[in-house]
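See structure below.
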Amino acid sequence: MQIDFTHCPGGVADSEELHPSFFSDTALAVQRLRQIEDAGFSRVLVDDMAGLLANMDLALLALRATGSLGVLVSHWPGIVAPVVAARQFAALEQLGAGRLSLRVPSHRNWREVHEDDDLVGNLGRTDEYLTLLKRLWANAAPFDHEGAFYRVHAGFVPLKPVSGIELPLQLGGLSGIALKVAGRHADRFELPADSLQETVRLIGRVKVAAEPFGRAGRIRFSLPVQADEGRDDWHLGRSPEAWIGRLAAFVEAGVTDFIVHGLDDADAIGAFGRKVIPQLRKTFKRHEHRPPAYRGHPVQLRRVV
C-alpha cells in the first residue's frame, strides 16, 4: 500500500480572496486533471462552493477525464434526502468504476439548511444520515426507518457500489461527539494542519473513539499541507528534501494521505509529481500485508534507511 496524495484545486475562500479553480474552464479542467493523474496523485478533491449539484457534475467530469484518478467529493448531510443521495452517489460510483469517495466536512453554516444550529443535533443528524446511506447501499431489499431526523419508507437503492459495499467516507472534527461519529463511520479521518505533536495526540483520540465500534485499526489519516509560498510553517521552500523530511515525520506518526493545496499550474503539479511524490513513497515500504477485504485499514509502514 503506497502513501496517497490528494490534490486540492483552488477555489476555496481564503481571507478576503477567492482563488479561482481550474474547474471553471472545462477544457482547462480536463488538461489539469490528466496532469494531476500523470503526476502520481491518488485523488482530486471536488469541493465547489456552488453545492452538491455542481460537485456531482464536476466529479463526473473528473471521472470521465481520467482513467485511474480517485475523486473525493464534499457532501453535507441534509442537502438532499438519504435515498436520493444514496442513489446518485451509487450511480456516479458505478460510472467511475469504484473511484468515488465522499468527504463529509465537520462544519458548515447549517442555518442555510436547518433552523437548529446546535452542534450535537447536527452531528446526530450526520450520524443517522451516514448510517442510512450505508444501509441503503448494503441492503438487498426495501426497508423502513423512523429515527430522530429521518423517516424512510420502503427505502431501496437497486444500483449498488462497484465494490459491493459502501463508498469510502472521509470525516473530521475535534469535539468529542465529532470524533465519535468519525469513529463509527470514517474510513479516513481528515486532520487539521497542526504540529506533529498535536497530530499524534489527535490520532490517538480518534482511535480511542473508534474502539467501541471495533474500528480503531480501520481508519486511515489524511493531513492537509500547503505547497505555495507565504503560508505559515507549511511553506517548505523549493527544496524537495525539505518536503520529504517534513512529510516523512508525519507518515511515521500514522498519516498516510496528504491533501496538497496550492499546486494549480502545470509546472508546479509536474515538479511535485517528479520530486516529492515518488521519493516519499520510496522512503517507506510495506511492512505488513493489509487484508484486501477492507477499505481503510491502517498501513504498517517501515522507513527505508
Side-chain angles (χ1 to χ4, degrees), residues 1-10 12 14 32 35-45 47 68-70 72 101 103 168 170-172 174 186-207 217 219-288 290 296-305:
M1 167 62 74
Q2 65 183 18
I3 299 167
D4 289 334
F5 289 85
T6 299
H7 184 279
C8 181
V12 178
D14 180 16
R32 285 287 184 271
Q35 289 165 346
I36 290 166
E37 182 178 35
D38 292 341
F41 282 86
S42 306
R43 305 186 299 174
V44 63
L45 173 62
D47 187 17
S68 62
L69 187 66
L72 176 64
S101 55
R103 174 179 179 262
Q170 181 162 310
L171 288 81
L174 294 174
D187 295 288
R188 299 193 191 217
F189 185 88
E190 187 172 322
L191 300 155
D194 212 331
S195 68
L196 181 61
Q197 182 179 14
E198 290 301 317
T199 297
V200 171
R201 189 171 301 162
L202 182 54
I203 288 175
R205 290 181 63 202
V206 174
K207 289 182 177 180
I219 301 177
R220 301 183 66 195
F221 293 90
S222 300
L223 183 75
V225 294
Q226 191 72 46
D228 59 353
E229 298 185 358
R231 300 300 183 93
D232 305 321
D233 61 344
W234 283 111
H235 173 224
L236 301 180
R238 298 177 181 274
S239 167
E241 292 76 17
W243 267 100
I244 294 165
R246 182 68 181 272
L247 299 185
F250 283 96
V251 174
E252 291 176 332
V255 174
T256 57
D257 176 30
F258 295 99
I259 307 170
V260 185
H261 299 249
L263 297 177
D264 289 318
D265 65 83
D267 290 340
I269 292 169
F272 194 87
R274 291 191 307 273
K275 299 177 181 180
V276 177
I277 292 179
Q279 296 305 318
L280 184 65
R281 285 173 174 164
K282 288 178 182 178
T283 303
F284 294 87
K285 70 179 182 180
R286 183 168 51 190
H287 179 58
E288 182 177 318
R290 179 171 70 99
H297 276 220
V299 182
Q300 301 295 328
L301 296 165
R302 179 161 58 92
R303 190 172 184 177
V304 178
V305 295

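The first residue of the sequence shown is numbered 1, and numbering continues consecutively from there.
In this structure, P168 and D187 approach most closely via the heavy-atom pair CA-OD2, 3.1 Å. What you find for S42 and D4 is that their closest heavy atoms are OG-OD1, 3.0 Å. Taking each heavy atom of G273 and P278 in turn, the nearest pair found is O-CD, 2.8 Å. Contact record, R281 with I3: NE-O, 2.7 Å, taken as the closest heavy-atom pair. When all heavy atoms are compared, the tightest approach of S222 to I259 is CB-CD1, 4.0 Å. Of all heavy-atom pairs spanning A253 and L196, the tightest one is CB-CD1, 3.8 Å.
Ring geometry for F5 versus F41: interplanar angle over 60°, hence perpendicular rather than tilted (30 to 60°).
Side chain of D264 to backbone of G10: a donor-acceptor contact under 3.5 angstrom is found. The backbone N or O of L174 sits less than 3.5 Å from a side-chain atom of R205, completing a donor-acceptor pair.
Salt bridge annotation for R201-D194: absent, with no cationic side-chain nitrogen under 4.0 angstrom from a carboxylate oxygen.
Checking each of Q170, E37, H7 against R43 for a side chain to side chain donor-acceptor pair (under 3.5 Å) leaves exactly one that passes, namely Q170. If you run side chain to side chain contact (heavy atoms under 4.5 Å, CB included) between F221 and each of D257, T256, V206, only V206 comes through.
Rounded to the nearest 0.5 Å, atoms CG (L263) and CD (Q35) are 12.0 Å apart. Between the NE2 atom in H261 and the CD atom in Q226 there is a gap of 6.5 Å [rounded to 0.5 Å]. The OG1 atom of T6 sits 9.0 Å away from atom CD of E190, with the distance rounded to the nearest 0.5 Å. The distance from the CG atom of L280 to the CZ atom of R246 is 13.0 Å, given to the nearest 0.5 Å.
Between I203 and F189 the shortest side-chain heavy-atom distance does not fall below 4.5 Å. Contact of the F250 side chain with the V225 side chain is not registered, since no non-hydrogen atoms from C-beta on lie closer than 4.5 Å.
Scanning for side-chain contact (heavy atoms from CB on, under 4.5 Å) contacts around Q279 gives I244, K282, with sequence neighbours left out.
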